[in-house]
Amino acid sequence: MEKIILTGDRPTGKLHVGHYVGSLKRRVELQNSGQFDKIFIMIADAQALTDNADNPEKVRQNIIEVALDYLSCGIDPEKATIFIQSQVPELTELSFYYMNLVTVSRLQRNPTVKSEIQMRNFEASIPVGFFTYPISQAADITAFKATTVPVGEDQLPMLEQTKEIVRKFNQVYGDTLIEPDILLPDNKACLRLPGTDGKAKMSKSLNNCIYLSDSKEEVKQKIMSMYTDPNHLKVSDPGQVEGNAVFTYLDAFSKPEHFEKYLPEYKDLDELKAHYTRGGLGDVKVKRFLNAVLEEELEPIRARRKEYEKDIPNVYRILREGSIEAEKVAAQTLKEVKDSMKINYFDDEELIKAQALRYNAQD
Ligand code: ATP
Ligand code: MG
């Protein structure tokens, strides 16, 4: 069986370091590993519209931002197909058929959708499209026969839903679709990177992000004003590292060689945490270290972005070619799906013959 990756992001803003550690960095590694036959990376504009129907301009403007973020992180259009969801209408058609295989109560149980509904104050007026987006994600994943979906932890319920749809479809209509596996980050801190405000998730919608395209100065300013331990007032106070976003970021980004380079008085992160916990280590010192660590990661990304920004029409060309390529693949799957469901009346000579016979027999 071919090994195929499908993953993507909603163009609701620029990508942030949560996306980077949660999914993007892994995608680039997988892309360069040579272990995959095909890699599809989708800019999910249609999904973004499910909760931004009144603001299509926001989605439209952010497509290029997400594309630039991809390219600057090292997604290579020679190795990966980058495409725009709405330009592959087969995905919508697949969703429509999958909708019949899912119940309303099953959708209501999806914990990620539940918390997103709360976050957006949608309780009394959930758009139907938003409510059903896990089904459309199943269409995205299965259309490309993806075997591997590298995403953050919030996507676990979507993958479960997809697997259920695949099983149900194959059971009712015969083996057609492939069950995908989720690939979560190995590092616990990267599963769901918290926001700079200490909130559970760094998210474009919450305005608590360090963006991949932030300038050096912006990154520094955001780190220096980050939420830490509210009870760690004086340097001498004992501090808490659990729930302290600065330390979670260090868990996500720091490597032993960073200590050698920037903080040689500590052997590793455990030693730094121990000092903070017993007291005598100030937030500013830890934040400066975090800033240095993050800059090592972000500086090359920023530099590559500058290069791609010089030729924006070329980036749209990449997206266009990717979308054409993606549509070919999705159209083939849709054909197989419709064949399995026997929605292929005009190609089915047996059907036409049998109906003719039935009528002629009556004469
Ligand atoms: P929105 O607020 O519009 O939903 P988002 O910041 O949640 O935006 P998405 O486009 O929904 O971003 O998510 C894209 C990918 O990034 C998914 O695989 C998701 O799991 C991952 N991801 C998003 N935020 C984080 C985070 N804070 N930590 C780890 N992974 C994340
Ligand atoms: Mg999201």
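Start at 1 with the first residue, then count along the sequence. One-based numbering, in listed order, for ligands and for the atoms of each.
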Option of least heavy-atom distance to [atom] (set: [options]):
atom                    : options              : result
atom 20 (O) of ligand 1 : I182, D154, V151     : D154
atom 29 (C) of ligand 1 : S203, A44, G152, G18 : G18
atom 7 (O) of ligand 1  : K204, M158, K201     : K201

Ligand 1 contact on R192 by region, counting heavy-atom pairs under 4.0 Å
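Backbone only.
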
Quick one: does ligand 1 sit under 4.0 Å from the side chain of T12, the backbone, both or neither, non-hydrogen atoms only?
side chain

F83 ring center near F144 ring center (under 6.0 Å):
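Yes: the rings meet the under 6.0 Å criterion.
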
Backbone or side-chain N or O of G22 under 3.5 Å from ligand 1 N or O:
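In fact, backbone or side chain, G22 has no N or O that close.
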
Measure the CZ-NZ distance between R109 and K114 for me, rounded to the nearest 0.5 Å.
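So the gap between those two atoms works out to 9.0 Å.
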
Under 4.0 Å from any heavy atom of L191, which atoms of ligand 1 are there?
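What qualifies from ligand 1 is 29 (C).
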
Is there a side-chain contact between R305 and L212 in this structure, where contact means two heavy atoms from C-beta onward sitting under 4.5 Å apart?
no

Going by the angle between their ring planes, with limits at 30° and 60°, are H19 and H16 parallel, tilted or perpendicular?
parallel

Test F247 against every option in F253, F289, Y276 by the ring pair (Phe, Tyr, Trp, His ring centres under 6.0 Å) rule and name the one that passes.
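Answer after filtering F253, F289, Y276: Y276.
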
